2 protein chains.
Amino acid sequence: MKNIISNINKAFDHRIRLGIMSVLMVNDHVDFKTLKELLGATDGNIASHTKALEKQHYITVEKSFIDRKPNTRYIASDKGRKAFKEHLDALEKLLNAKNDLNI
Amino acid sequence: MKNIISNINKAFDHRIRLGIMSVLMVNDHVDFKTLKELLGATDGNIASHTKALEKQHYITVEKSFIDRKPNTRYIASDKGRKAFKEHLDALEKLLNAKNDLNI
DNA sequence: TTAAAGTACTTTGAAAAACAAAGTAAAACA
DNA sequence: TGTTTTACTTTGTTTTTCAAAGTACTTTAA
């Protein structure tokens with residue numbers, strides 16, 4: 001490891017993406033509307049942040065119709081779960097670091 | 001609390017600022033060069049992220065000369081320490097949330 | 001039956017943030 | 001004396017974030 005933040009995953013830097021992933025770690029899926037309410041974000045925001053996570057293959061998207069209406073469901077992929085766990089480990093290490101630097 | 005991320009502090013969303021603050025929580029000061037090495041960031045990067053934290057009054061800056069050379073030292077303010085602790089609490093709550101939503 | 005309102009998103013384009021390259025100024029070295 | 005190094009700061013471009021507007025229906029209600 002070269003520096004103290006090298007294992008912090010850039011993809012989870014943003015609070016909305018952090019929120020999406022933590023919801024998906026404890027629930028096996030969420031839909032667009034629920035995510036929007038849980039995170040207090042705008043439509044465009046949810047759309048772009050889920051797209052970013054999808055691009056990294058950290059979540060998958062399932063589209064269907066429920067009661068004749070479109071429904072979009074997000075699920076964490078194995079890759080996403082792994083990456084998120086590693087991110088949390090890195091966070092924990094960073095924060096608990098009795099940083100071995102002596103200034 | 002309106003949503004699950006409302007107590008996550010936007011100012012600490014970025015990994016470099018997260019790094020700076022966690023270093024400053026356990027060390028009462030760091031200088032520019034040390035920060036740069038610890039975080040593996042470029043000069044401009046350190047400059048702009050410290051400036052962002054300074055703007056929020058989360059850190060203070062002390063400029064002096066050491067061995068005839070300019071030295072910039074960063075220190076977490078009380079406000080910054082408080083904000084960071086609250087941020088960590090919010091993070092912990094978010095991550096441990098057996099989110100009371102039942103999908 | 002048809003116009004207006006609502007739902008569930010996606011797209012767009014402007015604003016803000018992040019980045020590294022270039023710039024500055026003094027010190028050290030040769 | 002000139003060149004290199006150190007310790008930053010400034011600049012301008014790229015990338016990201018954001019919410020407003022757009023799309024494609026469905027529901028309500030006149």
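In the text below, chain A, chain B and the rest are named by the order of the sequence lines, each starting its count at 1. Quick caveat, the model's predicted, so the values are computed rather than measured.
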**Message:** For the CG atom of B:Leu53 and the NZ atom of B:Lys55, what is their distance to the nearest 0.5 Å?
**Reply:** 12.0 Å
**Message:** Expressed as a whole number of angstroms, how long is the span from B:Leu39:CG to C:dA20:P?
**Reply:** 13 Å
**Request:** Considering just the side-chain nitrogens and oxygens of A:Lys63, establish if one lies under 4.0 Å of OP1 or OP2 belonging to C:dT10.
**Result:** yes
**Aromatic ring proximity, centroids under 6.0 angstrom, B:Phe84 and B:Phe12** = yes
**Asked** Quick one: is D:dC8 close enough that its OP1 or OP2 comes under 4.0 Å of any side-chain N or O from B:Thr72?
**Response** yes
**Asked** Between C:dA20, C:dT10, D:dT17, which nucleotide has the shortest distance from any of its atoms to the side chain of A:His49?
**Response** D:dT17
**Prompt:** Is the shortest heavy-atom distance from the side chain of A:Asp89 to the side chain of A:Asn7 under 4.5 Å?
**Reply:** no
**Message:** With hydrogens left out and only the distance checked, is there a donor-acceptor pair under 3.5 Å joining A:Asn45's side chain and the base of D:dC18?
**Reply:** no
**Prompt:** For A:Lys36 and C:dT10, what is the distance between atoms NZ and P respectively, to the nearest whole Å?
**Reply:** 13 Å
**Message:** From CD1 of A:Ile66 over to P of C:dA8, roughly how many Å is that when rounded to an integer?
**Reply:** 10 Å
**Fill in**
A:Arg68 has its side chain closest, among D:dT27, D:dT9, C:dA27, to D:dT27
**Message:** Nearest 0.5 Å, please: how far is CD1 in A:Ile4 from CZ in B:Arg15?
**Reply:** 12.5 Å
**Request:** Fit a plane to each ring of A:Phe32 and A:Tyr74, take the angle between them on a 0 to 90° scale, and name the class: parallel (under 30°), tilted (30 to 60°) or perpendicular (over 60°).
**Result:** tilted
**Request:** Give, ordered by number, those residues of residues 14-21 of chain A having at least one heavy-atom distance below 4.0 Å to an atom of DNA chain C; if nothing qualifies, reply none.
**Result:** none
**Request:** Just call it for A:Lys33: base, sugar-phosphate, or nothing, with non-hydrogen atoms closer than 4.0 Å on any strand.
**Result:** sugar-phosphate
**Prompt:** For the pair made of NZ in A:Lys69 and C1' in D:dT28, what is the distance, rounded to whole Å?
**Reply:** 12 Å
**Prompt:** Just how far is it from atom CZ of A:Arg17 to atom CD of A:Gln56, taken to the nearest 0.5 Å?
**Reply:** 9.0 Å
**Message:** Let me confirm one number: the CD1-CD1 distance from B:Ile5 to A:Ile16, rounded to the nearest 0.5 Å.
**Reply:** 5.0 Å
**Request:** Map A:Asp43 and B:Gly44 onto DNA chain D by nearest heavy atom, then report which one ends up closer to the 5' terminus.
**Result:** B:Gly44
**Message:** From CG of A:Asp13 over to C1' of C:dC19, roughly how many Å is that when rounded to an integer?
**Reply:** 14 Å
**Request:** Starting from P on D:dC8, measure out to CG on B:Leu35 and report it in whole angstrom.
**Result:** 11 Å
**Prompt:** How long is the gap from CG on B:Asp28 to CZ on B:Arg73, to the nearest 0.5 Å?
**Reply:** 8.0 Å
**Item:** Residue mapping more 5' on DNA chain C - nearest nucleotide basis, B:Ala41 or B:Lys55
**Value:** B:Lys55
**Asked** When you measure from the side chain of B:Phe32, which nucleotide among C:dC19, D:dT9, C:dA27 comes out closest?
**Response** D:dT9
**Prompt:** Within this structure, what is the NZ-to-C1' distance between B:Lys10 and D:dC18, rounded to whole angstrom?
**Reply:** 9 Å
**Message:** Measure CD/B:Glu37 against C1'/D:dT6 and give the value in whole Å, please.
**Reply:** 12 Å
**Message:** If the cut-off is 4.0 Å, is B:Lys51 near the phosphate of D:dT9, judged by side-chain N/O to OP1 or OP2?
**Reply:** no
**Complete:** Judged by nearest nucleotide, the residue sitting upstream toward the 5' end of DNA chain D, B:Tyr74 or A:Pro70, is B:Tyr74
